[in-house]
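As structure tokens, the structure follows; a few thoughts come after it.
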Amino acid sequence: ERGGYDHYMLKEINEQPEALERTINGRITDDGRVALADFPPGTFDEVSEVHFLSCGTSHHASMYAQQLLRDRGVPAYAFTAGEYATTPAPVSEDTLVIAVTQSGETADTLASLRSANERGARTLTVTNVVGSTAAREADEALFIRAGPEIGVAATKTFTSQVAALLLVVERLTVDITGTPSEDSEAVLTALRELPDAVDRLIGSSIASSLAPRYAGSEQHFFIGRGVAYPVACEGALKLKEISYEQAEGFSAGELKHGPLALVTPETPIVAVFTGKHDTKTLNNVEEVRSRGASVIGVAPESADHVAAAVDEFLPIPDTNPDVAGVLANVQLQLVSYHVANVLNRSIDKPRNLAKSVTVE
Ligand code: F6R
């Protein structure tokens, strides 16, 4: 049933090319435009601001979309649903509230979605499960079509969420600002090529040989900026969740405002690069290397300037920077998986965690 893989997590990591194919199938035209059947051009003309509500890994997908929308001039805010349910941000009928939830059953997300509904916002859910509570209760739904995910740690649903959100981002940008984003065509082309790129990455990753050297370190920090920031947070969440290693994700700029005090030669730092904002993140890499820390750089394969500045280089296929974060995430999934495997953890069912969290 695990199709020859030792764990569902590894099976699901390997299923990502086909899952992504399904996510984008029929949703991008040949001439590089978004084609969402239920959301034709103009659907979001009246929207002035976007709120994302979600938890855990889904929150990181939402943060990814938030960064892209802000880049494109659209006001966007990603909230953790547990906080939004107690301290909701003000909304109006022009606020589009997007609940991002793989299961569609997460109690915190449903509570915050209900709060948005009651207060008159327009609501949309981006979910994997047709017929889920979120799909029934939101005004509209977009399905990510990742297929069932058994491993407690979300992998293919994260990449499919980001791919689906990229389509939503491009649709919102045209509707709200009146013009497609500057590199909309390049982004959508990169998205179409993403399944192949993920396939190549998985086939060539050296994460399994790296893992034994870093498993058992005192702690692990993950840093990035722009879309690489949520990818760093997701890398840390995945590692702590399945390996029980101490791991934290930070925006690269925040490091020097406190966490740097914890950096020692026993603190491997994973730095995520996409081809945007690399120079600034390289400065942060210098800051930690001068404290004796080893840096693992995850970056596009042609990024020689990154390869030259880090201790270990984990390349991803070259692509558009807005899409590169998805590939970096896959590389980090593999790192987490192999570290957890070296430590002989219960990868598919980590202690204390449930696949669907139905209490607030
Ligand atoms: C982490 C993980 C959780 C979920 C979170 C939200 O690997 O799976 O952090 O992402 O519990 O779940 P959904 O997306 O079902 O709302």
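As the structure is a prediction and not an experimental result, all values here were calculated from the model. Each ligand, and each atom within it, is numbered from 1 in the order the structure gives.
The nearest protein atom to atom 4 (C) of ligand 1, hydrogens excluded, is given as T57 N, 4.1 Å; this is a heavy-atom distance. Atom 16 (O) of ligand 1 has its closest protein heavy atom at T106 OG1, 2.5 Å. In terms of protein heavy-atom proximity, atom 15 (O) of ligand 1 is closest to S103 OG, 2.7 Å. Closest protein heavy atom to atom 8 (O) of ligand 1: V152 O, 3.4 Å. Closest protein heavy atom to atom 5 (C) of ligand 1: C55 O, 3.6 Å.
At under 3.5 Å, a nitrogen or oxygen of Q102, whether backbone or side chain, sits near a nitrogen or oxygen of ligand 1.
Only the side chain of E241 comes within contact range of ligand 1, with a heavy atom under 4.0 Å; no backbone atom does. Of all the heavy atoms of H59, none lies under 4.0 Å from any atom of ligand 1, so neither backbone nor side chain is involved. Contacts with ligand 1 closer than 4.0 Å are made by no heavy atom of T157, backbone or side chain. For T101, heavy-atom contacts with ligand 1 shorter than 4.0 Å involve the backbone as well as the side chain.
Annotation: cation-pi geometry not satisfied between R345 and Y244 (NZ/CZ under 6.0 angstrom from ring centroid, within 45° of ring axis).
At least one side-chain heavy atom of T87 sits less than 4.5 Å from a side-chain heavy atom of E83.
Heavy-atom proximity to G56, at under 4.0 Å, picks out these atoms of ligand 1: 9 (O). Counting the atoms of ligand 1 from 1 in the order shown, those under 4.0 Å from a heavy atom of A153 are 7 (O). Atoms of ligand 1 found under 4.0 Å from any heavy atom of A154, numbered from 1 in the order shown, are 7 (O), 8 (O). Taking every non-hydrogen atom of K238 and a distance limit under 4.0 Å, the qualifying atoms of ligand 1 come out as 1 (C), 7 (O).
Ring centers of Y337 and H7: under 6.0 Å apart, within the cut-off. Separation of the F250 and F221 ring centroids falls under the 6.0 Å cut-off. Aromatic rings of Y214 and H220 (six-membered ring for Trp) have centroids beyond the 6.0 Å cut-off, not under it.
A distance-only check finds a donor-acceptor pair linking the side chain of T123 to the backbone of D139 [under 3.5 Å].
When the shell of 6.0 Å around CD of E182 is examined, it contains 12 or fewer heavy atoms from other residues, nucleotides or ligands. Counting non-hydrogen atoms of other residues, nucleotides and ligands closer than 6.0 Å to CD of Q219 gives a total above 12. Annotation for K240: atom NZ counts as buried by contact number, over 12 foreign heavy atoms lying within 6.0 Å.
With atom 11 (O) of ligand 1 as the reference point, the heavy atom nearest to it among V357, T125, L110 is part of V357.
Scanning both residues, S115 and Y84, for their nearest heavy atoms gives OG-CE2, 4.5 Å.
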